[in-house]
Asks: 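Below is a structure I'd like to ask you about.
Bear in mind that the values here come from a model prediction, so they are computed numbers and not experimental data.
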Amino acid sequence: MAASTTCRNGDKSTHYWPVLRALGQEEFDANRRGGGLDLNVGKILTPVSVQITFKGNPTGKVVAAPQFLRIITGNARVGGAEANAGWTCTGFENRQLTDKYPLCPRGSRLVRVFDFQSCWDGQNVDSANHRTHVTFPQADGSCPQGFQPIPALEHRLVYNVPQGPNFAVDTFPEELHKPVTDHSDFINLMNEQQMGRVVDCINSGRRCR
């Protein structure tokens, strides 16, 4: 909170995802922990675009998410619950994979999509497992009993990647760079006024930037 930000609206919220790498090329962290020493090798790829979007709830109005709310979507451990990160290609985004990397045709770019839990228990900004204070809506879009809808966060990252199976996401060494481990984290640092603008925009049916 004491830091500055380059965001034009002053939002200091934290958004995180593991890096994606082009295999067969050396990076600065080849001999460091978190990099090559933990089997994460290859050139770190910078997304060509990143979209951070908040959406509404189809069954009713959303309420403000509290400051310092923490949400993790996806799971960094193979076989763990909530493999919610999607992998797809531009032009084919109606089809998403969770357990395989897509091989995009020439002229199409790789896309990572993270949809975050958008039902909040109304009390806690975090929980012991970082998950039970938030959940996903039910099949009809409504929140389960005891939860209320907050703005639904989505991360959409687009990359130029090498042709063929020549890229991989960073993981723990034992997870072997499997796409099912992809995940993203969010810590809400919006103040009351900033979050209020998000809620007002969504609940009035507008599209805001």
Side-chain angles (χ1 to χ4, degrees), residues 3-7 11-53 70-117 126 128-131 134 136 153-189:
S4 59
T5 177
T6 57
C7 290
D11 180 13
K12 297 182 180 181
S13 297
T14 298
H15 301 265
Y16 163 86
W17 46 81
V19 299
L20 196 66
R21 296 181 188 253
L23 305 180
Q25 305 177 52
E26 189 164 297
E27 186 54 274
F28 73 93
D29 60 354
N31 296 308
R32 297 184 186 179
R33 296 304 307 267
L37 295 183
D38 286 316
L39 306 183
N40 291 312
V41 297
K43 178 180 173 58
I44 294 173
L45 297 173
T46 301
V48 296
S49 72
V50 174
Q51 291 179 320
I52 296 174
T53 307
R70 298 174 179 231
I71 310 178
I72 299 174
T73 190
N75 197 308
R77 299 292 183 183
V78 170
E82 301 188 32
N84 298 316
W87 296 81
T88 185
C89 303
T90 55
F92 303 90
E93 292 185 50
N94 61 321
R95 292 177 284 176
Q96 292 191 16
L97 304 172
T98 59
D99 59 348
K100 295 181 176 64
Y101 292 118
L103 298 180
C104 301
R106 196 171 297 277
S108 176
R109 288 171 165 166
L110 180 74
V111 183
R112 297 164 76 186
V113 180
F114 303 97
D115 288 313
F116 283 73
Q117 299 90 320
D126 201 0
N129 63 359
H130 309 299
R131 297 182 183 277
V134 288
F136 285 98
L153 174 62
E154 180 187 85
H155 290 165
R156 180 180 181 271
L157 288 68
V158 181
Y159 296 83
N160 287 323
V161 296
Q163 285 291 306
N166 297 314
F167 59 90
V169 68
D170 271 14
T171 64
F172 297 114
E174 62 272 20
E175 307 307 338
L176 303 175
H177 313 288
K178 294 181 179 180
V180 73
T181 67
D182 208 7
H183 58 288
S184 194
D185 304 352
F186 168 63
I187 302 176
N188 176 40
L189 291 179

Asks: For Lys100 versus Leu97, what's the shortest heavy-atom pair and its separation?
Replies: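 Taking every non-hydrogen atom into account, O-CB, 3.5 Å.
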
Asks: Would you mind reporting whether Pro105 and Phe92 have side-chain heavy atoms less than 4.5 Å apart?
Replies: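 Answer yes - side chains close enough.
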
Asks: Do Glu27 and Asn40 touch side chain to side chain, with heavy atoms closer than 4.5 Å?
Replies: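 Not touching, per the 4.5 Å side-chain cut-off.
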
Asks: Using side-chain heavy atoms (C-beta onward) and a distance below 4.5 Å, is Thr73 in contact with Gln117?
Replies: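 Side chain of Thr73 against side chain of Gln117, heavy atoms only: contact under 4.5 Å found.
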
Asks: Considering residues at least two apart in sequence or located in another chain, which fulfil the side-chain contact (heavy atoms from CB on, under 4.5 Å) criterion with His15?
Replies: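 For His15 the side-chain contact (heavy atoms from CB on, under 4.5 Å) partners, ignoring immediate neighbours, are Ser13, Trp17, Ile52, Leu153, His155, Phe186.
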
Asks: Side chains of residues 158-170: which donor-acceptor partners sit under 3.5 Å, not counting sequence neighbours?
Replies:
unit_1 : atom_1 : unit_2 : atom_2 : d
Tyr159 : OH     : Arg112 : NH1    : 2.9
Asn160 : OD1    : Arg109 : NE     : 2.8
Asn166 : ND2    : Gln163 : O      : 2.5
Asp170 : OD1    : Arg21  : NE     : 2.6
Asp170 : OD2    : Arg21  : NE     : 3.4
Asp170 : OD2    : Arg21  : NH2    : 3.2

Asks: Within a reach of under 6.0 Å around CG of Asn129, are more than 12 heavy atoms found that belong to other residues, nucleotides or ligands?
Replies: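 More than 12 within 6.0 Å, yes.
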
Asks: Could you check whether any side-chain heavy atom of Leu20 comes within less than 4.5 Å of a side-chain heavy atom of Leu110, counting everything from C-beta outward?
Replies: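 Side chain of Leu20 against side chain of Leu110, heavy atoms only: contact under 4.5 Å found.
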
Asks: Tell me, do Glu174 and Arg77 make a side-chain contact under 4.5 Å, heavy atoms counted?
Replies: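 With C-beta onward as the side chain, the pair touches.
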
Asks: Does any non-hydrogen side-chain atom of Leu157 lie less than 4.5 Å from one of Phe114?
Replies: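 In short, these two side chains touch, coming nearer than 4.5 Å.
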
Asks: Closest heavy-atom contact between Pro179 and Trp87?
Replies: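 Heavy-atom minimum between the residues: O-NE1, 3.3 Å.
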
Asks: Would you indicate whether Glu26, at its atom CD, is surrounded by more than 12 heavy atoms from other residues, nucleotides or ligands within a distance under 6.0 Å?
Replies: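 No, the 6.0 Å shell around CD holds no more than 12 heavy atoms from other groups.
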
Asks: Using a 4.5 Å cut-off on heavy atoms from C-beta on, say whether the side chain of Pro18 contacts that of Thr171.
Replies: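 No, their side chains stay 4.5 Å or more apart.
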
Asks: Test side-chain contact (heavy atoms from CB on, under 4.5 Å) on Asn75 and Arg131; report intermediate values, then the result.
Replies: CA-CA 11 Å; Asn75 197 308; Arg131 297 182 183 277; 3.7 Å; yes

Asks: Answer yes or no: does atom CZ of Arg156 have more than 12 heavy-atom neighbours from other residues, nucleotides or ligands under 6.0 Å?
Replies: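 Yes - once you tally the heavy atoms of other residues, nucleotides and ligands closer than 6.0 Å, there are more than 12.
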
Asks: For the NZ atom on Lys12, are there more than 12 heavy atoms of other groups (residues, nucleotides or ligands in this structure) within a distance under 6.0 Å?
Replies: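 Yes, enclosed.
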
